[in-house]
Structure formats: C-alpha cells, structure tokens
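Here, residue 1 is the first one in the sequence, and each next residue gets the next number. Being a predicted model, the structure only gives us computed values, none of them experimental.
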Amino acid sequence: MVFSSIEFLLYFLPVFFILYGITPKSLKNMTLLSGSLIFYALGEPKYLVLLMISIFINYFAGLHIQPARGSKENKDRSDKNKKRKKYKRQQKHERFRRLLFLAAIAANVGCLAFFKSGAGGEGLPLGISFYTFQIISYLTDVYRGEIKRERSFLRLASYIAMFPQLLSGPIVSYAEIEPALSNRKMTAESIQDGLKVFTVGLVWKVLLADRIGLLWNEVQVKGFESISTPLAWLAAFAYSMEIYFDFYGYSLMAIGLGRMMGFQLPENFRNPYMARSVRDFYRRWHITLGKWFCKYVYIPLGGNRRGEFRTVRNLLAVWMLTSLWHGSTANFFVWGGMLWFFITVERQLGKTGLGKHLGILPHLYLWAVIPVTWMCFAITDLSQLQVYLGRMFGLVEGINVRSGDWQPALENYGPLFAVSIAACTPIMQKIYHKWKDTIPGMLVLAALFWVCVWRIAVEGENPFMYFNF
C-alpha cells in the first residue's frame, strides 16, 4: 500500500486518524505502532517478521551499549581514585558494550547487504534501507553517549516503524523525534496544516511526476537506438523531473502525515535544481541522507580536516557507499563516481573564486550535468547506458531514427515541462504560503486532492520510485 492509492487515501488514512484522534494521549504510541505495522503488512506482509525481529534485537542491543558513568566516553578522568575492582568491572563492561555495538552494526549492515546483493530473492523488503539507517544512527548515538538509551520498547518501536517515513524517509535521528514520542499534541490546526502539505505532495506525485514520467517510459519502449539526440535529452529531462517530484512528493506527504499526528519531520529537499553546482545540488537533495553520511561516515573518516588528498578520498568513500546504498549494479557506481568527479573538480575550481563571477552559467552547467548523471542512475544495463549516452552526444549511430521525433514529444509534454521548471523554483512555494490559509487557496487544494483521487481511480496507482532502493 502506498500513499497515492485509493486504499490509503479513502480507507486507511481516515480510519487511522479517527482511531488515533480518539486514543488517549498515553496510548497514542500504541495506536501509532499498531497502525504502522498494519500499514506495512498491507504492503509487504512477508517481511513484517523481519521488521519486528530487527526492532526487538536492536532494542535490546541499545539497552546495553550506553557508556557507563565514569567511562572514557563520558570523559570522567577519576579512574585513579576508584577501587581496582570497580575499575576492572568498568573495563569489562567497556569491552562488552564495544563488542555488542560492533555486532549489532554488523548484523544490520549484513542484513541490508544480503538483500541489496539479491541473495534474499527478487526485490527488497520495503523500507529496509531507510529503517536500517535509522537504527544504525540510534545505536551509534547511544554508544557515543550523545543520547540516552530508550528504555521504552514502545517508543523505540514507534520511532523505527512510524509509517509516514518508514518506506522512503526522511531519515530521522532519534534525538530529533524523542521529545514528540514522549509528549505531542494533535490539534485541529496541526491536522489542517498537515493535510495541506500532504495534498501538495500528492499533487507533485500524481499530477506531475507520474505524467511527465510517461515520456521516459515511451522512450524505453521505443528503444534507445531509435531516438534522436534532442529526444534523448528531452527524455533525460523528463526522468530528472519525474524522480524529483516523485521523491519530493513522498517526502512532503510524509511530513504532512507526521504534522497531523504532532511530529515535525525534517525537510528533505530544498529546491535542488536551483543549485549552482553538483556539490550544492546534493546539499539540497535528500538532505537527511546526506546528513547521515556526513555524520556517520565522512566526519569519522576525518572529513576535510586532514588535507586535500584525504578529503577527496573521504568523499570517494562516501559516494561509493551512497552508490551501494542505492543498488549493487555497476551503473550506480558509475553514477556515484561521476558525482564524486564533478564535486572534486568543483572543490578545486572553488578555491579560485571563479564561480562568483559567472552569473547564470553555473545554473546552466548544473542543468546539463544532472540529467546525464540521472541516466547513469536509471539505466542498469551498462551496454544500454552506453547507447543512450552515445545518442545524447551524437556518438553512437542510430537505427531508423526520425530527425523530428522530438517535436511531438515537446508538444505533448511541453506544458508539463513548463510547470516542472516553475515548480523547481521557489515560486510555487511562495504562492502556496501566500494562499494556503485563504478560502480560495483551501478550495483549490481540496479540488486538487479529488482530482488526484480521480486520476488514481482511472489509471491505477503508481508506486514511488524510491521503493526500489
């Protein structure tokens, strides 16, 4: 079951929020967890047991890896004044918690790698990439002493399995959400505000991403050898818009659902196509994943504090792991390697201060580079990827190519491209914030909601693209 389905919109969503609304405050986490498990079971029943086992194991691991008082992690230097026996107990506890922490991390990473490699069968368990990263962040923060262990199984399970962000994020640290798990309010204002945000996300998914993505589907059916260079670029732009508004739409829907329940889930996108560099693009794209890799990989490796060579090496490690997180096929490593290359070059050019005097050129550079990298992301067969890139740059001979094949595509999808480009800028956000609380604005949002429902009923649901990762 996905957010953009009749089952969710007309059945699960209203029933859940009626039950959640009448549930006493002390039992809301129980309702949240129960609803989340039902939501997961309706979408992927065979992997529900895996999710529950993961929650149980990591809950008990978290109970035993917190630094003891007086341990080195708490920077207490008074060991010399303590009795020898107590010191030995502390050392024994320190070894135990380190081994338990490493074993728990290895088990979580190993489980994710098992399914990513395809050894677990066809397809991935829904949400495993996202809830695994949340679990790792929780265990690491407890081990470092940055947060206290969660003694309540119900609160921790609600954090891991919370249905709005279970399947595709945003990736939320426990510190960000723990206060709301203990004390939150569901008000008429939060419900109304959340519904508005949810509706905007639904519109981006159903009326924009799914529609403009049809061009990419048409090109795939037609065959990459049979398209002209202009059509290859148009299809690449279409995919670039599709994956953005598909994932951005999901994130907004998740944020909206969280807000309705009293949670403030973090922002996951910040106008990435308005960036002036690839480096800036990925600071704005899937923000919570970028922060995760920065905190738990890049900084522990040394970040940018140990010279340029090590900085570049650390960036390479991050992008290779990011590639592996998305998939184990070679195209993802090509995608990650390209991004690492561009970011590395941009770092060197940035030291010259050249970018400050180029006006609009950095934006044009970004809009030329990003669609190319997305093709490396989308096309898993390297031989087909070679053909497609060859057609984009006119380096591979086509078969039965019509030179004007791009014109019907532009006529059919031109309005969607125009809306997509406008929606990539802050313009739409400014319009939304200006009108969302007015009667006309709310009527428009309500109408758009039911247009989306009609579209889904007529054409069927279209799963979110990031469910594959």
Side-chain angles (χ1 to χ4, degrees), residues 25-37 40 47-76 78-79 82-83 85-114 125 127-163 165-166 169 171-184 263 288 292 295-297 300:
K25 184 177 179 180
S26 60
L27 297 177
K28 284 196 183 296
N29 284 338
M30 180 64 73
T31 303
L32 172 58
L33 178 59
S34 300
S36 297
L37 295 179
Y40 193 88
Y47 288 122
L48 179 61
V49 174
L50 175 67
L51 173 63
M52 290 305 302
I53 290 174
S54 180
I55 293 172
F56 273 108
I57 290 175
N58 288 288
Y59 166 72
F60 287 107
L63 291 177
H64 300 287
I65 62 173
Q66 181 171 287
R69 291 183 179 180
S71 68
K72 292 180 180 179
E73 274 68 18
N74 284 335
K75 300 182 179 179
D76 188 340
S78 61
D79 287 343
K82 295 182 179 179
K83 294 180 180 180
K85 186 179 291 187
K86 187 176 181 180
Y87 177 74
K88 286 184 177 180
R89 285 201 303 268
Q90 289 177 341
Q91 293 299 98
K92 185 177 180 180
H93 171 73
E94 181 63 24
R95 288 193 295 271
F96 169 74
R97 78 180 194 92
R98 182 180 291 113
L99 287 173
L100 181 58
F101 170 70
L102 293 175
I105 296 298
N108 283 289
V109 173
C111 182
L112 180 59
F114 174 78
I128 188 171
S129 299
F130 291 88
Y131 71 70
T132 298
F133 269 32
Q134 290 202 166
I135 288 170
I136 291 173
S137 74
Y138 166 73
L139 293 176
T140 304
D141 291 349
V142 171
Y143 178 77
R144 291 174 176 176
E146 295 179 7
I147 61 173
K148 293 182 179 180
R149 61 188 175 183
E150 180 51 75
R151 293 181 178 274
S152 168
F153 174 80
L154 179 59
R155 280 200 294 268
L156 185 66
S158 298
Y159 158 68
I160 295 171
M162 188 186 299
F163 77 87
Q165 47 84 64
L166 172 62
I171 299 172
V172 187
S173 71
Y174 195 66
E176 291 177 290
I177 210 168
E178 189 276 333
L181 284 169
S182 303
N183 183 26
R184 63 185 181 275
F263 293 99
T288 56
W292 193 98
K295 181 176 181 179
Y296 300 108
V297 178

Parallel, tilted or perpendicular: rings of Phe153 and Phe56 (30°, 60°): parallel
Heavy-atom side-chain contact between Leu156 and Asn58 under 4.5 Å: no
Minimum side-chain heavy-atom gap Gln165-Phe263 below 4.5 Å: no
Nearest-0.5 Å distance, OH of residue Tyr174 to CG of residue Leu181: 5.0 Å
Closest approach of Arg144 to Pro300 (non-hydrogen atoms, all atoms of both residues): NH2-CG, 3.8 Å
Student check: side-chain heavy atoms of Leu32 and Arg155 closer than 4.5 Å: no
Short side-chain to backbone donor-acceptor contact, Arg97 and Tyr143, under 3.5 Å: yes
With sequence neighbours excluded, residues passing side chain to side chain donor-acceptor pair (under 3.5 Å) with Thr140: none
Tyr138 side-chain N/O to Tyr159 backbone N/O, donor-acceptor pair under 3.5 Å: no
Between CG on residue Leu139 and CD1 on residue Ile105, distance to nearest 0.5 Å: 5.0 Å
Atom pair CD1/CG of Ile128 and Leu51 - distance to nearest 0.5 Å: 9.5 Å
Between CD1 on residue Ile65 and CZ on residue Phe96, distance to nearest 0.5 Å: 10.0 Å
Ring geometry between Trp292 and Phe133 (parallel below 30°, tilted from 30 to 60°, perpendicular above 60°): parallel
Tyr131 side chain reached by Met162 side chain, heavy atoms, under 4.5 Å: no
Ile171 side chain reached by Ser137 side chain, heavy atoms, under 4.5 Å: no
Reported CG-to-CZ distance for the pair Leu100 and Arg95, which is rounded to 0.5 angstrom: 14.5 Å
Pair Thr288-Val172, side-chain contact (heavy atoms from CB on, under 4.5 Å): steps then yes or no: CA-CA 7 Å; Thr288 56; Val172 187; over 6 Å; no
4.5 Å side-chain heavy-atom contact, Lys295 and Glu146: yes
Any side-chain heavy-atom pair of Ile136 and Val109 under 4.5 Å: yes
Side-chain donor-acceptor pair present, Tyr296, Asp141, cut-off under 3.5 Å: yes
Short side-chain to backbone donor-acceptor contact, Tyr59 and Arg151, under 3.5 Å: yes
Nearest non-hydrogen partners of Ser36 and Ala161, listed with the distance: CB-O, 2.9 Å
Nearest-0.5 Å distance that lies between atom CG in Leu63 and atom CD in Glu150: 9.0 Å
Stepwise side-chain contact (heavy atoms from CB on, under 4.5 Å) check, Ser152 with Asn29: CA-CA 11 Å; Ser152 168; Asn29 284 338; over 6 Å; no
Which residues share a side chain to side chain donor-acceptor pair (under 3.5 Å) with Thr31, sequence neighbours left out: Thr23
Pairwise side-chain contact, Ser54 with Tyr47, heavy-atom cut-off 4.5 Å (strictly under): no
